[in-house]
Amino acid sequence: MSDIAFIIAIIPSLCWGSLGILSTIFGGNASQQTVGLTYGGLLFGLLTYFGWVVPHHYFMDSKLIWIGLISGILWALGQAFQFLAIKTMHGVSIALPLSMTSQLIGNALLGAALLGEWTSIQQWVVGIIAIGLIVSGVLMIQKRDNKNKATPSGVNCHGLFQVLVSTLAYMGYFITPRLMQRWLHISNNIVTAGHGINYMVAIVLPQSIGMVIGAYLYVFLISHETKYLHARPTWQNVIVGVVWALGNVTMFISIANPRLGQATATTLGQLGFIVGAFGGIFILHEHKTRWQLKMIVGGSIIALIGAVIISNISWFAALI
C-alpha cells in the first residue's frame, strides 16, 4: 500500500471519530443531530455532483440513483441509533468504541466472505488475528475500573440494542454499493472506470438525498421528536455533516482501490474509536481514572498494530 493510499484510508477514521465529539459540543437530541448532519451531507453531495461529477461526465443512471438512495437511508438509521447509544451509555468514550468496533468486524467479514476479498486460508488467518487485536484493544479502551465506584459502567442492554441496530444499518450502508452493482448487473466498465473511483463518487449525491429521507423516516416513525426539529442545534450540526461527508468520500475512494478493498478500507476507517476515546476524555472532559487512562493508551497501541497488519494483509499472509 502506498503512503498516499494509506493517508486517504485513515481520513475517514479522523472525520468519523470526531462526529460524536462535535455533535455533543453542538448539542441537540438524536433527531436534531441526525437531521442536521444529513443536511451537511446533502450540501457536500451537491457540491461534489455539480463541481466534480457533472464536469467530468461521470456515468449516472437510475440504477446508481437507487443504490445511493438505499445506502443513504441505511446510513441515516445507523447514525441515529449511534447518537442514541452515546446518550444511553452516557459518553462518547464508551459508546463510540463499541459501535465502531462492531461495524469494523461486520464490514471486514462481509467484504472478505461475501465479496471474496480474502482469497486464501493465510489471508483469513491473518485477518482474523488482526481483527482480534483490534477488538482486544477496544475492550481495553472501554474497560471499567472496578476499584473505583465513581466510574459506573454506561454499558446496558438498551444501549447494546441501539448499538446492534446501528451496526446492522451501517453494514448495509457499506456493502450496498458493492453488492447491488452485482445484483443490478451494472457493467464492469462503469464500476471500474477511474479505478472504481468514478462509480463511488457518482453515487454521493443520491446517497446524501437518501440520508435526508432516512433521517426524516427515523424522526416521524421512530423517535417522534418533531418539536424544535429545526432549532439552532440542528443547523449547528450541519458542520458535522460536512466533516462526515469528507470521510465518506475518502472511504469510498479507498474501497474502490483494488489494493485495499472493503475489508481493509473499512477496518482502517473504523479506527475513529481512538479519536472518540481520547476526544471524549480531553475535549468533553469525561472522567477516567489513572488506571483507565493506561488501559486506553495500551488498547490504542494494540488496535493500531492490528490495523497495520490488516492494511498489509497480503504481505503478512505470505509469511505464513
Side-chain angles (χ1 to χ4, degrees), residues 6-7 9-24 82-83 85-109 125-156 159-160 162-164 166-167 170-171 247 251 263-313 316:
F6 180 78
I7 291 173
I10 64 173
I11 288 177
S13 66
L14 298 176
C15 292
W16 295 345
S18 65
L19 295 187
I21 299 170
L22 292 173
S23 63
T24 300
Q82 186 183 89
F83 281 147
I86 289 174
K87 295 180 184 299
T88 302
M89 295 184 177
H90 309 295
V92 173
S93 61
I94 296 176
L96 197 61
L98 183 60
S99 175
M100 299 194 80
T101 305
S102 301
Q103 296 171 45
L104 187 156
I105 297 171
N107 287 320
L109 294 178
V125 171
V126 172
I128 291 174
I129 291 174
I131 290 175
L133 287 171
I134 295 172
V135 171
S136 299
V138 172
L139 291 177
M140 290 177 63
I141 288 173
Q142 63 176 19
K143 184 70 174 178
R144 175 189 178 189
D145 188 350
N146 293 321
K147 295 181 180 180
N148 193 322
K149 301 294 184 179
T151 58
S153 173
V155 179
N156 52 64
L160 290 175
Q162 291 167 341
V163 168
L164 175 61
S166 174
T167 299
Y170 268 130
M171 286 170 62
M251 168 61 76
T264 299
T266 54
T267 299
L268 293 174
Q270 297 302 331
L271 291 178
F273 62 78
I274 297 176
V275 178
F278 284 99
I281 295 168
F282 295 109
I283 297 178
L284 302 179
H285 306 294
E286 296 175 359
H287 176 71
K288 299 293 178 184
T289 65
R290 183 184 296 272
W291 181 85
Q292 285 177 305
L293 288 174
K294 291 179 179 178
M295 293 294 287
I296 289 172
V297 172
S300 298
I301 293 173
I302 292 174
L304 286 173
I305 292 173
V308 170
I309 292 174
I310 203 169
S311 63
N312 296 277
I313 190 168
F316 282 99

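It should be emphasised that the depicted structure is a prediction, and the values quoted were computed from it without experimental measurement.
A distance of 11.5 Å separates CD1 of I131 from OG of S136, quoted to the nearest 0.5 Å. The CD1 atom of I128 lies 7.5 Å from the CG atom of L109; values are rounded to the nearest 0.5 Å.
Here the shortest heavy-atom pairing between M140 and M295 reads O-CB, 3.4 Å. Across every non-hydrogen atom of Q162 and T88, the tightest pair is OE1-OG1, 2.8 Å. Between A85 and G159, the shortest heavy-atom distance links the atoms CB-O, 4.2 Å. The shortest non-hydrogen separation linking L160 to M89 is N-CE, 3.5 Å. Of all heavy-atom pairs spanning L133 and I302, the tightest one is O-CG2, 3.2 Å. The shortest non-hydrogen separation linking M251 to P12 is N-CG, 3.6 Å.
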- [ ] Verify side chain to side chain contact (heavy atoms under 4.5 Å, CB included) between Q82 and L19, making sure each step is shown before the conclusion.
- [x] CA-CA 10 Å; Q82 186 183 89; L19 295 187; 5.5 Å; no
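The side chain to side chain contact (heavy atoms under 4.5 Å, CB included) with I283 is formed by just one residue from the set I21, L22, T24; it is I21.
Looking at heavy atoms from C-beta onward, F278 lies in side-chain contact with V297 at the 4.5 angstrom threshold.
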